[in-house]
Structures are given as structure tokens and as C-alpha cells.
Amino acid sequence: MNTYTIIAGVMSLIIILSYFRNKRAKNKVIHVIDNNCTGCRRCLKKCRHKALEMVNGETSNRHVILKHPEKCTACKDCIIACKFNALELVDRKQ
Ligand code: SF4
Ligand code: SF4
């Protein structure tokens, strides 16, 4: 296998992964399950796109909301960080 074949393979892989990432970001978005959220802020620290924000609920304690849905890329970093099963991916159309 020569160098050009390897480079072409890597480029193709990057393009394919980028396609699926963009498709997921277009179709999916984070949803917060308010009752499970403890306000620990772990997800806020993980979100590189600043899509989440902490609020003080009127009827419940501090919890996270998806303040900027347009910024969410559905990367799941926040879901991995959350230890309380308070985040899930849902269809954007919901
Ligand atoms: S990591 Fe989970 S429990 Fe903690 S603030 Fe975020 S959603 Fe709430
Ligand atoms: S899925 Fe990614 S971009 Fe969306 S809120 Fe979570 S960490 Fe931020």
C-alpha cells in the first residue's frame, strides 16, 4: 500500500465521519430530564459549545436547561459526564 492510498483512505474516513456527525447534529438534540438533574454542573464543564445553562427553577431546585439548541451538536459529551441519567438525545422534531 503506497502513501497516496493511505492518505486517500484517511481522508475518506474523515469525510464519512464528518457526514454522520453533521447528520446527527441536524436530527438530534439534548433533552434534560429535570427531575433527575441535581445541578452538579458536570455537563456544563464538558459542553464545548456552551449550549447548556444552569437555572433556578421556581418549583424545583437548580437544574440545567438547553439554552441554545441551535448550538448543540449532539456530541453526547454531556451525557457521558452526567452521573444521574438526567440527559438524553431526542429527535429535534419532538
Ligand atoms: S451533569 Fe447531569 S445532574 Fe449534573 S447538572 Fe448536568 S444534567 Fe444535571
Ligand atoms: S450534546 Fe454536546 S453540544 Fe449538545 S449540549 Fe451536550 S455537550 Fe453540548
Side-chain angles (χ1 to χ4, degrees):
M1 202 183 303
N2 65 33
T3 307
Y4 292 116
T5 307
I6 293 171
I7 291 172
V10 170
M11 293 297 289
S12 301
L13 188 62
I14 290 171
I15 290 168
I16 290 167
L17 290 175
S18 174
Y19 167 78
F20 283 109
R21 191 169 51 236
N22 290 340
K23 187 176 175 191
R24 186 184 60 205
K26 194 174 162 191
N27 296 330
K28 300 283 185 182
V29 71
I30 281 297
H31 171 250
V32 182
I33 304 166
D34 293 349
N35 289 340
N36 289 359
C37 181
T38 64
C40 71
R41 306 185 73 93
R42 289 175 65 100
C43 56
L44 289 180
K45 292 173 190 162
K46 279 290 175 185
C47 182
R48 287 167 283 173
H49 304 284
K50 309 292 179 206
L52 301 168
E53 188 174 292
M54 190 67 69
V55 295
N56 288 311
E58 290 177 11
T59 55
S60 60
N61 292 331
R62 226 167 41 135
H63 66 276
V64 149
I65 60 167
L66 181 63
K67 175 79 172 177
H68 303 287
E70 74 284 359
K71 291 183 180 177
C72 179
T73 62
C75 68
K76 297 188 194 174
D77 286 352
C78 55
I79 292 179
I80 293 166
C82 181
K83 304 297 180 198
F84 301 95
N85 293 323
L87 299 169
E88 61 184 354
L89 271 187
V90 296
D91 291 338
R92 279 194 182 267
K93 292 178 187 131
Q94 280 184 5

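Each ligand, and each atom within it, is numbered from 1 in the order the structure gives.
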Inset, instruction - Check Thr73 against ligand 2 and report side chain, backbone, both or neither, counting heavy atoms closer than 4.0 Å. - result: both
Inset, instruction - Kindly compute the distance separating CD1 (Ile79) from CG (Leu89), expressed to the nearest 0.5 Å. - result: 4.0 Å
Inset, instruction - Find all atoms of ligand 2 within a distance of less than 4.0 Å from any non-hydrogen atom belonging to Ile30, and give their numbers and elements. - result: 1 (S), 4 (Fe), 5 (S), 6 (Fe)
Inset, instruction - Look up atom OG1 in Thr38 and atom NE2 in His63, then write down how far apart they are to the nearest 0.5 Å. - result: 12.0 Å
Legend entry - Spatial distance of atom SG (Cys47) from atom CG (Leu66) [nearest 0.5 Å]: 8.5 Å
Inset, instruction - With heavy atoms of Lys76 as the reference, note each atom of ligand 2 found under 4.0 Å away. - result: 1 (S), 2 (Fe)
Legend entry - Sub-2.8 Å protein N, O or S atoms surrounding atom 6 (Fe) of ligand 1: Cys43 SG
Legend entry - Protein contact to atom 8 (Fe) of ligand 2 [nearest heavy atom, distance to 0.1 Å]: Cys47 SG, 2.3 Å
Legend entry - Derivation of the side-chain contact (heavy atoms from CB on, under 4.5 Å) call for Lys28 and Lys76: CA-CA 10 Å; Lys28 300 283 185 182; Lys76 297 188 194 174; over 6 Å; no
Inset, instruction - Looking only at protein heavy atoms, identify the closest one to atom 4 (Fe) of ligand 2 and say how far it is in Å. - result: Cys72 SG, 2.4 Å
Legend entry - Cys40 SG to Met54 CE distance, which is reported to the nearest 0.5 Å: 7.0 Å
Legend entry - Top protein contact for atom 2 (Fe) of ligand 2, by heavy-atom distance: Cys75 SG, 2.2 Å
Inset, instruction - For Asn2 and Tyr4, indicate whether the former's side chain and the latter's backbone hold a donor-acceptor pair under 3.5 Å. - result: yes
Inset, instruction - Measure from the side-chain N and O atoms of Arg92 to the backbone N and O of Pro69, and report whether any donor-acceptor pair falls under 3.5 Å. - result: yes
Legend entry - From Ser12 atom OG to Leu17 atom CG, the distance as rounded to the nearest 0.5 Å: 10.5 Å
Inset, instruction - Number the atoms of ligand 2 from 1 as they appear, then name those within less than 4.0 Å of a heavy atom of His49, with their elements. - result: 3 (S)
Legend entry - Interatomic spacing from NZ in Lys46 to CD1 in Ile80 - rounded to 0.5 Å: 8.5 Å
